[in-house]
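When a ligand or atom number is given, it counts from 1 through the structure's own listing order.
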Amino acid sequence: MPGGGFLNLPRETGARVILKPGRQGPLQRGRRWVYRTEIDRIEGDFQAGDTVQVFDAYGRFVAKGFINLRSMIAVRVLTDDPDEPIDEDFWIGRLNRAWNYRRLVLDDLEACRVVHSEADGLPGLIVDKFGEFLVVQTLALGIDRWKPVIVRALDDIFLPIGIYERNDAPVRDLEGLEQRAGFIKGPFDPRIEIREHGLRFLVDVAQGQKTGHFLDQRDNRLLAGRLARGARVLDAFCYTGGFACHTAAGGAAEVTAVDASADALALARSNAERNGLADRIRFVEANAFDFLRAAADAGEQYDMIVLDPPAFAKNRRALERAYRGYKEINLRAMRMLVPGGILVTCSCSHHMDRMLFEEMLLDAANDVGRRVRIVQRRGAAPDHPVLLGMPETEYLKCYVLHVW
Ligand code: SAH
C-alpha cells in the first residue's frame with residue numbers, strides 16, 4: 001500500500017501560541033480556526049504543520065492544533081484536550097468517527113462524503129467515496145503533511161479499489177501548497193458510475209470539477225424530481241445533469257439544461273442516456289446569464305427553474321458584485337416562472353449567508369412584482385454537517401420557492 005515518507009511526519013512540539021486578550025472565546029465556543037491576526041506571540045520551535053498549543057493571554061490552555069504561518073488561518077484546532085496526543089491513532093480515531101457518523105445518518109453509503117473537513121474534526125481534509133473508490137483533498141498544510149498516515153488509514157477502513165488525489169484546488173495556494181492531482185492507489189478508470197437515488201451517474205474523478213460530483217446537492221436533486229411531474233423545467237448551471245436527470249425522471253414534460261462547460265455537458269448527455277431520459281432533456285452550451293436574459297426577453301415560461309451557480313463570492317470583498325449576480329439570475333428566473341411555479345435556487349458561497357440570500361430573493365421578487373413563498377429552506381445533505389459555533393462550515397443554501 002502507498003505510504004512511506006514517514007520520517008517527515010509533523011511532530012507534536014511544545015511550542016506555545018499566545019493569543020491576544022479576549023481572542024479565546026470563539027475557539028472555546030466551537031470555532032476551529034485561529035487567525036494570524038489573533039496571535040500575540042509564539043514561544044518555542046516548530047515547523048509548519050507541526051502541532052502547537054494555544055493559550056489565552058493569561059497563559060491558560062485553550063486548544064491544540066497544527067500551525068502554518070503562511071496562511072491567514074494560522075492554527076487549525078485538532079483537540080480541546082491538552083492530554084490527547086496527535087499521533088497516528090488520533091487520525092485513525094477521527095476517520096472512524098467520521099465513517100460511523102455516515103453509517104448512522106445515511107441510508108445509502110454508495111456515494112457520499114466520508115470526511116467534511118473541520119465539521120468532522122479533520123481540518124482541511126475532504127474525502128468523497130464513489131462506489132469502491134475514494135477521492136481525497138488535503139487543503140491545509142498540516143493535514144497535507146499527515147497524508148501518508150491518513151491514506152493508509154483510509155485504505156484500512158474502506159478497502160477501496162483505488163484512491164485519487166484532487167489537490168488541484170486553488171485554496172491550496174493560500175497555504176503555500178502546490179497544485180497536484182493523480183492516483184494515490186491505482187491506476188484505474190477515473191470515470192466511475194455511481195447510483196444516486198435510483199439514477200445512474202458517470203463521475204469523472206480526474207477531469208470533473210472539484211472531486212467530480214457535487215454530493216452535497218444529492219437530496220435536493222431528489223426533492224426537485226418529486227416536484228417536477230408534468231413540468232417544463234429549466235436547469236441553469238446543470239454541470240453533469242444532476243437536477244436535469246432527476247426532474248426528467250420525476251416526470252417533467254421537458255427539461256432544458258444549460259452549462260458553460262462543454263466537458264460537463266458531454267457527461268450530462270451521457271448521464272441522460274444512461275437513464276433513458278435523453279429524449280426529454282435538451283442540452284445547451286451557453287453562459288447562463290446570457291441564456292436567462294435571452295429566454296426572458298423572448299417570453300419563455302417554465303413551471304420549474306433550478307439555479308445552482310458556482311460560488312460568486314469567494315471572499316467578503318466580492319460580496320457586493322456577487323449579490324448583483326445572484327439577484328440578476330433569480331430575478332430573470334422569477335420573471336419566467338408561471339404563476340405557482342417552483343424556483344429551486346442555491347448559493348454555495350459561505351459569505352452569502354441566509355439572511356443576505358433571503359434579502360436578495362425579496363429584492364428580486366419586488367423588482368419583478370412577484371410574491372414568493374418559502375417551501376423549504378434547505379442546505380447540504382447530512383454527510384456535509386455544519387459545526388455549531390463555526391458558521392464558516394455552512395456554505396450551501398438551497399431554497400425551494402413557490403412563486404406567484
Ligand atoms: N447543479 C449541478 C452543479 C452545478 S456546479 C449538480 O447538481 O451537479 C456549477 C456549474 O456552473 C458548473 O458546471 C460550471 O461549469 C457552470 N458555470 C459556471 N459559470 C457559468 C456560467 N456563467 N454560465 C453557465 N454555466 C456556468
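Ring to ring, His351 and Tyr395 are not that close: their centroids are 6.0 angstrom or more apart.
If you look at ligand 1, the protein residues with a non-hydrogen atom under 4.0 Å away are Gln209, Phe214, Arg221, Phe237, Cys238, Tyr239, Phe243, Asp259, Ala260, Ser261, Ala286, Asn287, Ala288, Asp308, Pro310.
Between Phe312 and Phe237, the ring planes are perpendicular. Angles over 60° get that label, and only those under 30° would be called parallel.
Ionic pairing of Arg180 and Glu165 is present here: one or more N-O contacts between side-chain nitrogen and carboxylate oxygen are shorter than 4.0 angstrom.
Residues Arg335 and Leu292 fail the side-chain proximity criterion, which asks for heavy atoms closer than 4.5 Å.
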Practice prompt. In sequence, state the C-alpha distance, the side-chain angles, and the governing distance for Val233 and Thr256, and then conclude on side chain to side chain contact (heavy atoms under 4.5 Å, CB included).
Written response: CA-CA 6 Å; Val233 178; Thr256 303; over 6 Å; no

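With hydrogens and angles disregarded, no donor-acceptor distance shorter than 3.5 Å links the side chain of Arg32 to the backbone of Pro123.
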